[in-house]
Undergrad: 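Quick one: structure below, then a few questions.
In this text, all values refer to a predicted model and were calculated from it rather than measured experimentally. Residue numbering restarts at 1 for every chain, and letters A, B, ... go by the order of the sequence lines.
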Amino acid sequence: MYDHQALEKKWQKIWQDSNLYKTVEDFSRPKYYILDMFPYPSGAGLHVGHPKGYIATDIFARYKRLKGFNVLHPMGWDAFGLPAENYAIKNKIHPKKATDENIATFKKQLSILGFSYDWEREINTTDPSYYKWTQWIFLQMWKNGLAYESFEPINWCPSCQTGLANEDLENGLCERCGSEVEQKPMRQWVLKITDYADRLLDDLEKLPDWENSIKDMQKNWIGRSYGTEIIFKVKNSKSEIKVFTTRVDTIFGCTYVVLAPENKILNELKDKIINFSAVQDYLEITRHKTELQRTDLNKNKTGVILEGVYAINPFTGDELKIFVADYVLNYYGTGAVMAVPAHDERDFEFAEKYGLKIKTSIGQKINGRMISGAKSCFTADGYLVDSGDFTGLSSEEARLKLTAWLEKNNLGSSKVNYKIKDWVFSRQRYWGEPIPLIHCPKCGIVAVPEESLPLTLPKVESYEPSGTGESPLVGISDWVNTSCPKCGGPAKRETNTMPQWGGSCWYYLRYIDPKNDLALVNKEKEKYWSPVDFYVGGAEHATRHLIYARFWHKFLFDIGVVNYDEPFTRLQHVGLIMGEDGRKMSKRWGNVVNPSEIALKYGADSLRVYEMFMGPFSQAVAWNTNGLIGARKFLEKVENLLSNFSTDLEPEIEAEKILSLLHKTIKKVQSDIESFSFNTAVSALMIFVNECTAYKQTTGKLPLNKDNLKIFIKILAPFAPHLSEEIWQILGEKTSVFKSSWPEFSEDLAKDKLINLPVQVNGKLRAILVVEAGISEEDAIRLAFENEKVKTYVAGKELSKKIFVYDKLISLVVK
RNA sequence: GGUCCAGUGGUGGAAUUGGUAUACACGCAGCACUUAAAAUGCUGUGCCCAAAAGGCGUGUGGGUUCGAUUCCCACCUGGACCACCA
């Protein structure tokens, strides 16, 4: 047993007093920038799941320092956002005060775990000297036409009283409070992320060290699809209906056309629609539906025919019925689709319900014969049937030829569509960065001059949303009423604030140069430290933070602020730690485990080792206090083995086997840290300690001399820094183990002299030969045949095949 | 419905350019120490069989191979993300 509390406290103080983790600006050394996704400092404090990623990056940072790298490993706070604001409303406390208190709690909790952050670089997104630059970036985007004002309907959360981006929804519900989101036309600021959609997608190729799962999620989210835009003329009218389809090859099966309820063309056709009042009734019903009701997959598809108007199929000249139906979304493609019930399930469902014609235009070739006229809907590619001049072509060929025909006749063109929408970037709430724009009745929208940034948040009496869809800032007339920077006349400030995701889009750049008041980041420093070499955090950020940050970074690259157009070279996501009951840790289930309590009771080192040992890093695992005790026992064994070293006999013997094991362990731990396989690294350390303990028990001596024991402490140190530092000093060292260097292993020593060589007969394991490594095929086979066990299986049989895999196995086949 | 990932002992998991399946840890059982318990140490622990020998065994079924947890095909189950995206 060792007194972890005293020991950990002692070393944390010494490390802090000696500034051990201060980043040195030595540009001559190779750098390594390893970053955690910075936390939102909530009132609830940390639970044991939060530090999992921080422990991993801490181990990695310590390892890289030992390897001789100049390491940047900072921490900060993503502190704007709704929870602090809601807390402020409830308790009448300024959100800044609540935020500062939470940060203090978080920082204390983190410090107990012994992380090696350079706290001199701490940043806070709510600090005006920080958000000055968030505002500055916004202004650059605005000046470059990437931020625009829009009045389109957006997602509105009635409970949070704010507009939301598409990314902020979960199954049509507000991700934060679970309320049903309404579509509400709002004045808002939007960032043109769609301008970067292609680069965001294509440049994923530049990121081989990102996990595929995250890249796939981003690809999905961006959702690029290649297709064709087709013009359907409206009979006896100048109006035309544009549709987007990826399956132009099915167009000869098109039997009607469907418009989204919000499609503007409805207004154009108004006078021709005989049953317009029925149509209006339908639009009214749709308007009152929530997004959730409209997109519910189980719902019955509904729609109304537009009597008296017909669309013309550009290929066949057929007159097609036109419907309005809310299964067509106005915000994707053109807000209108050509319906091919024979080859699209949604259209099929709709056509069946309303008794519409179903016409096959794609068939399959089976055994060289065309099979067409499938009874239900056939959605795969095939060969065109009943398709005029295009009959017989494959779907793929047809798409090219049909599109070419449309282009030639000015009836359409090839077109790319994206699922990703422009980013709704304004919130009607208080606790966010003010958008630095001014509305002047004469000059229009004018930027706050850069030299007067930051535009700070004014103090308000009440943080309640105004209830009118505007932020509480509208009530601060002193602040709102200002003069136009251009003409000097009276003008009003923009009262929307930025969403929580703003500050986190570029924070990793600020750590490089956190106190610079003249620039976002000094160019020379940026060139040295950027990009982030390794970024670790939760997978829930795959389609928000990580897309947003890549977008901003590319923009910053385009305007020359950064020197490379991708911000994060390697990305690793951390798996959740679930409660002991297998459920997500939450107050609601009463299964939250507090890391500070665990660290005080069992030691920070035990917690660190356990969290790394639990299972594969990226996988979700349930917390288990017994498992934690196992990690604690391992450290006690280490302590027991080495801390009373000075009273032990100085070992003269170098037990050969254990020396070899030591070098194997260095090799294994090193490659496991590099690949983030901490669970097997810990296991290798345990195996080594078990062997030493067993040796000591039988001989009463340690199997290794002091220098070799020090090597072991070096590789243990990143995992259990406090205990390792203590033993390091007991072994006679005066400076920190973290000022030493990572040990080199000897390939020669790490190799086994004797190996097990399994012998299989007819695919079944029959014997294991212990032989010298590097044994020749001839010798190995001879030994195999001399083996009694093998003899019983091969005796009297004919040998038909023998396989020898060098230092791996022998496989004999007999008949 | 789409995209992706995963199914191995009582539990967390290990092993993949195809080569001894179950490392390491937890749990459990037995033993030692103890008046006793805890702690600690030792031993055992995939299944069938009293044991040995042997057989079976990595979700299910098939295939390729001297050899498959690993590769291929089909299916089942679970998870993550997205979802009427035309």
Side-chain angles (χ1 to χ4, degrees), chain A residues 1 170-172 211-221 223-225 227 243-248 250 258 260 294-299 301 325-329 331-340 343-347 349-350 379 417-421 539-540 542-543 573 575-576 609-610 613-616 618-631 633-634 636-637 640 677 679-687 690 693-694 697 755-769 792 800-814:
Chain A
M1 282 289 278
E170 229 167 54
N171 298 320
E211 293 163 285
N212 283 327
S213 62
I214 305 276
K215 285 199 269 191
D216 287 339
M217 275 191 236
Q218 294 209 349
K219 280 179 198 163
N220 253 312
W221 189 264
R224 179 166 65 192
S225 55
V243 307
F244 173 76
T245 180
T246 54
R247 293 298 306 274
V248 64
T250 65
V258 193
R294 256 193 83 172
T295 55
D296 183 5
L297 285 169
N298 297 320
K299 120 191 141 162
K301 290 193 171 34
D326 66 7
Y327 80 89
V328 174
L329 305 172
Y331 52 73
Y332 183 78
T334 60
V337 301
M338 63 174 210
V340 186
H343 306 297
D344 181 283
E345 284 181 26
R346 294 154 300 183
D347 299 339
E349 194 189 315
F350 190 79
T379 57
N417 252 308
Y418 303 88
K419 279 208 280 193
I420 195 170
K421 289 191 248 172
E540 69 274 19
T543 52
H573 87 268
L576 290 177
V609 169
Y610 172 57
F613 184 61
M614 289 175 91
S618 59
Q619 193 176 297
V621 212
W623 177 266
N624 179 336
T625 302
N626 274 325
L628 170 81
I629 292 170
K633 282 182 188 165
F634 161 65
E636 279 174 12
K637 267 191 200 173
N640 192 35
S677 313
N679 54 335
T680 48
V682 171
S683 150
L685 293 168
M686 285 173 168
I687 291 169
N690 289 346
T693 306
Q697 230 140 40
I755 57 159
N756 289 337
L757 194 66
V759 183
Q760 293 180 357
V761 182
N762 287 352
K764 288 212 190 317
L765 180 71
R766 295 302 180 189
I768 293 173
L769 308 175
T792 64
S800 65
K801 202 167 194 176
K802 59 173 197 261
I803 288 146
F804 173 75
V805 183
Y806 182 77
D807 276 3
K808 275 277 159 65
L809 100 167
I810 294 172
S811 182
L812 305 170
V813 185
V814 293

Undergrad: How long is the line joining NZ of A:Lys421 and P of B:C82, in whole Å?
TA: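 In whole Å, B:C82 P and A:Lys421 NZ are 14 Å from each other.
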Undergrad: What integer number of Å spans the P atoms of B:G62 and B:G79?
TA: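 Taking atom P in both B:G62 and B:G79, they lie 28 Å apart.
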Undergrad: Give me the distance, rounded to whole Å, that separates B:U16 from B:U20 when you measure between the C1' atoms they each carry.
TA: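 About 15 Å, rounded to a whole number of Å.
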Undergrad: So A:Gln697, base contact, sugar-phosphate only, or nothing? Heavy-atom distance under 4.0 Å.
TA: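 The answer is sugar-phosphate, as A:Gln697 gets under 4.0 Å only of primed atoms, P, OP1 or OP2.
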Undergrad: Which whole number of Å gives the distance between the C1' atom of B:U40 and that of B:C33?
TA: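 After rounding to an integer number of Å, I get 9 Å for this pair.
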Undergrad: Side chain of A:Tyr327, heavy atoms from C-beta onward: which of B:C84, B:C81, B:G13 has the nearest atom to it?
TA: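 The closest nucleotide is B:C84.
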Undergrad: On RNA chain B, does the nearest nucleotide to A:Ala694 precede the nearest nucleotide to A:Ala336 from the 5' side, or the other way round? Give the residue.
TA: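 This one resolves to A:Ala694.
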Undergrad: Check side-chain contact (heavy atoms from CB on, under 4.5 Å) between A:Gln218 and all other residues, then give those that pass, not counting sequence neighbours.
TA: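 With neighbours one apart ignored, the set is A:Leu204, A:Trp210, A:Leu546, A:Ile547, A:Arg550.
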Undergrad: A:Asp347 CG to B:G1 C1': how many Å, rounded?
TA: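 Result: 15 Å.
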Undergrad: Between B:A23 and B:U43, how far apart are the two P atoms, rounded to whole Å?
TA: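 Roughly 15 Å separates the two P atoms.
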Undergrad: OG1/A:Thr379 to CD/A:Glu345 distance, rounded to the nearest 0.5 angstrom?
TA: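 It comes to 5.5 Å.
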Undergrad: Fill in the dot-bracket string of RNA chain B, one character per base: . for unpaired, | for a pair to another strand, ( ) or [ ] for pairs within the strand, taking Watson-Crick or G-U pairs under 3.5 Å.
TA: (((((((..(((......[....)))((((((.......))))))(((.....)))..(((((..]....))))))))))))....
Undergrad: Would you indicate, yes or no, if B:C82 has its OP1 or OP2 atom less than 4.0 angstrom from a side-chain nitrogen or oxygen of A:Gln218?
TA: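 So the side chain of A:Gln218 is outside the cut-off, no N or O lying under 4.0 Å from OP1 or OP2 of B:C82.
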Undergrad: Could you state the NZ-C1' distance from A:Lys215 to B:C81, rounded to the nearest angstrom?
TA: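 Atom NZ in A:Lys215 sits about 17 Å away from atom C1' in B:C81.
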Undergrad: Without decimals, in angstroms, what is the distance between A:Lys419 NZ and B:C81 P?
TA: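 Atom NZ in A:Lys419 sits about 15 Å away from atom P in B:C81.
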Undergrad: Regarding A:Glu345, tell me which of base, sugar-phosphate or nothing describes its non-hydrogen contacts under 4.0 Å with the strands shown.
TA: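 A:Glu345: no heavy atom of the nucleic acid under 4.0 Å.
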Undergrad: Without decimals, in angstroms, what is the distance between A:Asp216 CG and B:G2 P?
TA: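 Answer to the nearest Å: 16 Å.
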Undergrad: Show me, pair by pair, the donor-acceptor contacts under 3.5 angstrom made by side chains of residues 622-631 of chain A, not counting sequence neighbours?
TA:
unit_1	atom_1	unit_2	atom_2	d
A:Trp623	NE1	A:Thr625	OG1	3.2
A:Asn624	OD1	A:Asn626	N	2.8
A:Asn624	OD1	A:Gly627	N	3.3

Undergrad: When we call it a touch if two heavy atoms are under 4.0 Å apart, what does A:Gly763 touch: a base, just sugar-phosphate, or nothing?
TA: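 The residue A:Gly763 makes sugar-phosphate contact but no base contact.
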Undergrad: With sequence neighbours excluded, tell me which residues meet side-chain contact (heavy atoms from CB on, under 4.5 Å) with A:Val328.
TA: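 Partners of A:Val328 under the side-chain contact (heavy atoms from CB on, under 4.5 Å) test: A:Val258, A:Ala260, A:Val337.
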Undergrad: Contact class for A:Lys764 vs. all strands (heavy atom < 4.0 Å): base, sugar-phosphate, or nothing?
TA: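 Contact class for A:Lys764: sugar-phosphate only.
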Undergrad: Using the P atom as the reference point in each nucleotide, state the distance between B:C47 and B:G18 in Å, no decimals.
TA: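 B:C47 and B:G18 have their P atoms separated by 31 Å.
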Undergrad: Classify the nucleic acid contact of A:Ser225 as base, sugar-phosphate or nothing, counting any heavy atom under 4.0 Å across all strands shown.
TA: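 Sugar-phosphate: the residue A:Ser225, judged by heavy atoms under 4.0 Å, touches backbone atoms but no base.
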Undergrad: At under 4.0 Å, does any side-chain N or O of A:Tyr332 touch on OP1 or OP2 of B:C84?
TA: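 The answer is no; no side-chain N or O of A:Tyr332 sits under 4.0 Å from OP1 or OP2.
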Undergrad: Reckon A:Val621 touches a base, only the sugar-phosphate, or nothing at all at heavy-atom distances under 4.0 Å?
TA: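 Sugar-phosphate contact only - A:Val621 comes under 4.0 Å of backbone atoms but never of a base.
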Undergrad: At what distance, to the nearest 0.5 angstrom, does OG1 of A:Thr543 lie from CD1 of A:Ile214?
TA: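 Taking OG1 in A:Thr543 and CD1 in A:Ile214, the distance rounds to 9.0 Å.
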Undergrad: Taking the same atom, P, in B:U45 and in B:U22, what whole-Å distance lies between them?
TA: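 Pairwise P distance, B:U45 against B:U22, rounds to 12 Å.
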Undergrad: Roughly how far apart, to the nearest Å, are B:G57 and B:U70 at atom P?
TA: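 About 13 Å, rounded to a whole number of Å.
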Undergrad: What's the verdict on side-chain contact (heavy atoms from CB on, under 4.5 Å) for A:Leu329 and A:Tyr327, showing C-alpha distance, side-chain angles and the deciding distance?
TA: CA-CA 6 Å; A:Leu329 305 172; A:Tyr327 80 89; over 6 Å; no
Undergrad: Does A:Ser618 reach the main-chain N or O of A:His573 with its side chain, forming a donor-acceptor pair under 3.5 Å?
TA: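 Checked: no pair found.
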Undergrad: How close do A:Val243 and A:Thr334 get, heavy atom to heavy atom, and via which atoms?
TA: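 Heavy atoms only, the tightest pair is CA-OG1, 3.3 Å.
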Undergrad: Check for a donor-acceptor pair, side chain of A:Arg766 on one end and backbone N or O of A:Thr792 on the other, with a separation under 3.5 Å.
TA: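 A pair under 3.5 Å: no.
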Undergrad: Apply the side chain to side chain contact (heavy atoms under 4.5 Å, CB included) test between A:Val759 and each candidate in A:Ile768, A:Leu812, A:Leu765; give the one that qualifies.
TA: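 Of the listed options, the one satisfying the test is A:Leu812.
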Undergrad: Describe the nucleic acid contact of A:Arg224 in one word from base, sugar-phosphate, nothing, applying a heavy-atom distance below 4.0 Å.
TA: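 No contact.
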Undergrad: Rounding to an integer number of Å, can you tell me how far A:Tyr418 OH sits from B:A86 P?
TA: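 That distance rounds to 13 Å.
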Undergrad: Taking all non-hydrogen atoms of both residues into account, name the closest pair between A:Met338 and A:Arg247 and its distance.
TA: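 Looks like CE-O, 3.5 Å.
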Undergrad: Can you tell me how far P of B:A83 sits from NZ of A:Lys219, to the nearest Å?
TA: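 In whole Å, B:A83 P and A:Lys219 NZ are 18 Å from each other.
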Undergrad: Could you state the atom-to-atom distance from CD of A:Glu211 to P of B:C81 in whole Å?
TA: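 Taking CD of A:Glu211 and P of B:C81, I get 15 Å after rounding.
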Undergrad: Is it the case that the base of B:C84 and the side chain of A:Lys301 share a donor-acceptor contact (distance under 3.5 Å, atom types as modelled)?
TA: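 For A:Lys301, whose side chain was compared with the base of B:C84, there is a donor-acceptor pair (under 3.5 Å).
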Undergrad: Can you name the side-chain contact (heavy atoms from CB on, under 4.5 Å) partners of A:Ser677, sequence neighbours left out?
TA: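 Listed in chain order: A:Asp672, A:Ser675, A:Asn679, A:Thr680.
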Undergrad: Contact class for A:Val258 vs. all strands (heavy atom < 4.0 Å): base, sugar-phosphate, or nothing?
TA: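 Nothing, no nucleic acid heavy atom in range.
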Undergrad: Any idea which of B:C81, B:C66, B:A86 is nearest the A:Lys801 side chain?
TA: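 Looking only at heavy atoms from C-beta outward on A:Lys801, the closest nucleotide is B:C66.
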Undergrad: Using atom P in both nucleotides, what's the gap between B:G10 and B:G59 to the nearest angstrom?
TA: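 Their P atoms lie roughly 13 Å apart.
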Undergrad: With the 90 degree cut-off around zero defining syn, does B:G9 come out syn or anti?
TA: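 Judged by the O4'-C1' to base torsion, B:G9 sits in syn, the angle falling within 90° of 0.
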Undergrad: Output one letter per nucleotide in nucleotides 16-28 of chain B: B when a protein non-hydrogen atom lies under 4.0 Å from the base, S when only the sugar-phosphate is that close, - when neither is.
TA: ---BB--BBSSS-
Undergrad: How do A:Ser213 and A:Pro616 order along RNA chain B: which one's closest nucleotide is nearer the 5' end?
TA: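 On the 5' side of the pair lies A:Ser213.
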